[in-house]
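A short write-up of the structure that comes next.
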Amino acid sequence: MCTAATYQTKDFYFGRTLDYEFSYGDQIAITPRNYPFSFRHAGEMATHYAIIGMAHVAGNYPLYYDAINEKGVGMAGLNFVGNAAYADVSPDRDNVAQFEFIPWILSQCATLSEVRTLLERMALVGTPFNEQFPLAQLHWIISDKTGSITVESMADGLHIYENPVGVLTNNPPFPQQMFQLNNFMHLSPKQPVNTFSDDLALTAYSRGMGALGLPGDLSSASRFVRVAFTKMNAFSGDSEKESVSQFFHILGSVDQQRGCCEVADGKYEITLYTSCCNVTKGIYYYTTYENHQISAVDMHRENLDGGVLICYPVIQGEQINYQN
Ligand SMILES: C[C@H](CCC(=O)NCCS(=O)(=O)O)[C@H]1CC[C@H]2[C@@H]3CC[C@@H]4C[C@H](O)CC[C@]4(C)[C@H]3C[C@H](O)[C@]12C
């Protein structure tokens, strides 16, 4: 499972958890402006916006899971198993292979409105990267400081939904996730009052009872409600440290601990990493399951006019600050 979310303070933040039972081998990859992209069906692109994100780099190609560009657009792919279906190549469309979708959008869109325009003539096609990587079944959240959209390519076509809550998890399809929120409209960060019955002396005997009923399990539908409630009510100062700290707390609401989600005999899905991008400033912050210290890569500390990928390893292992 995975969860993505946005957060606005002084700057705009975008990030995700990546939950799985194994890692593909990830790196923080910066694609500078002159790295040549050659799209499988959509031609060559010699120059473009710079991109930073988490990727598996295969044969010098950044297979991004989530990334932002230097203009302020963020995008993440999350599992959508059993629902994702990709189109066949068609002559009157921009045919973009599923694994190219993040580079395609982030290399050329400066705003979400430019993304919407580009999507009008795009088809997401099922061309695989190579035999080694079976086609991932994904859906995507794309965001800038003005809002978010969800993109789902299904058997009945390409769906583009407004995403007013700015979060995404996995199944079911996005309209059902949004509809589900109706069931929770009574939840509140404030203490409840007794509307149950005037004839009973019911009391709020504990803090936090306004959100009693918020689902606590790790299913995708439950994580959607939980992270939506947390994000919509989250409140923090707007300095960089307060914002980043708060962002990790928002995604902490859907953290997966090893042992609680068994996917095969003795195999457990866990939150492999959590990212928080300052989209405004081009900084990629992350923590991992084994490393709670926040690490960061700042795209603007690199020469973004270069032509080769710049990669940083994911720092693993707890960094404990001994005080004596
Ligand atoms: C496993 C992850 C989703 C985790 C998730 O959502 N877990 C929920 C489980 S559940 O749905 O709740 O049961 C997804 C998210 C992004 C994916 C990569 C995207 C680029 C590339 C695309 C190629 O086609 C195949 C290889 C490739 C490297 C992909 C590997 C893998 O597929 C990645 C890491």
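Indexing begins at 1, ligand by ligand and atom by atom, following the structure's order. Small disclaimer: the values here were computed from a predicted structure and weren't measured.
Taking the charged nitrogens against the carboxylate oxygens, Asp298 and Lys281 have no contact shorter than 4.0 Å, which rules out a salt bridge. Between Glu70 and Arg33, at least one side-chain N (NZ, or NE/NH1/NH2) sits under 4.0 Å from a carboxylate O, which counts as a salt bridge. Taking 4.0 Å as the cut-off between side-chain N and carboxylate O, Arg258 and Glu290 count as a salt-bridged pair. A salt bridge is defined here as a Lys NZ or Arg NE, NH1 or NH2 lying under 4.0 Å from an Asp or Glu carboxylate O, and Glu162 with Arg116 meets this definition.
Ring planes of Tyr61 and Phe129: tilted class, angle from 30 to 60°. Ring geometry for Tyr13 against Tyr7 counts as tilted: the plane angle lies between 30° and 60°, on a 0 to 90° scale.
Neither the backbone nor the side chain of Phe129 has any atom closer than 4.0 Å to an atom of ligand 1 (non-hydrogen atoms only). Contact annotation for Ala55 and ligand 1: no heavy atom of the residue comes within less than 4.0 Å of the ligand.
Residue Gln98 has at least one nitrogen or oxygen atom sitting less than 3.5 Å from a nitrogen or oxygen atom of ligand 1, judged on distance alone. Backbone and side-chain nitrogen or oxygen atoms of Arg223 are examined, and none is located within less than 3.5 angstrom of a nitrogen or oxygen of ligand 1. Note: an N/O pair closer than 3.5 Å links Asn79 and ligand 1 by distance alone. The distance criterion of under 3.5 Å between nitrogen or oxygen atoms is met by Asp19 with respect to ligand 1. By the 3.5 Å distance cut-off applied to N or O atoms, Phe133 is not counted among the residues near ligand 1.
Ligand 1 does not have Ala58 within reach: every non-hydrogen atom of the residue lies 4.0 Å or more from it.
Looking at Ala136, Pro62, Gly77, Pro128 and measuring to atom 15 (C) of ligand 1, the nearest heavy atom belongs to Gly77. By heavy-atom distance, the residue among Asn130, Leu138, Leu135 lying nearest atom 17 (C) of ligand 1 is Leu138. For atom 19 (C) of ligand 1, the choice among Phe99, Tyr61, Tyr64 with the nearest heavy atom turns out to be Tyr64.
Numbered from 1 in the order shown, with element, the atoms of ligand 1 that lie under 4.0 Å from a heavy atom of Cys2 read 3 (C), 4 (C), 5 (C), 6 (O), 7 (N), 8 (C). Ligand 1 places these atoms under 4.0 Å from at least one heavy atom of Pro134: 24 (O), 25 (C).
A centroid separation of less than 6.0 Å is found between the aromatic rings of His48 and Phe37. The ring of Phe14 has its center no closer than 6.0 angstrom to the ring center of Phe12.
Tyr286 has its side chain out of reach of Cys276: every pair of non-hydrogen atoms, C-beta onward, lies at least 4.5 Å apart.
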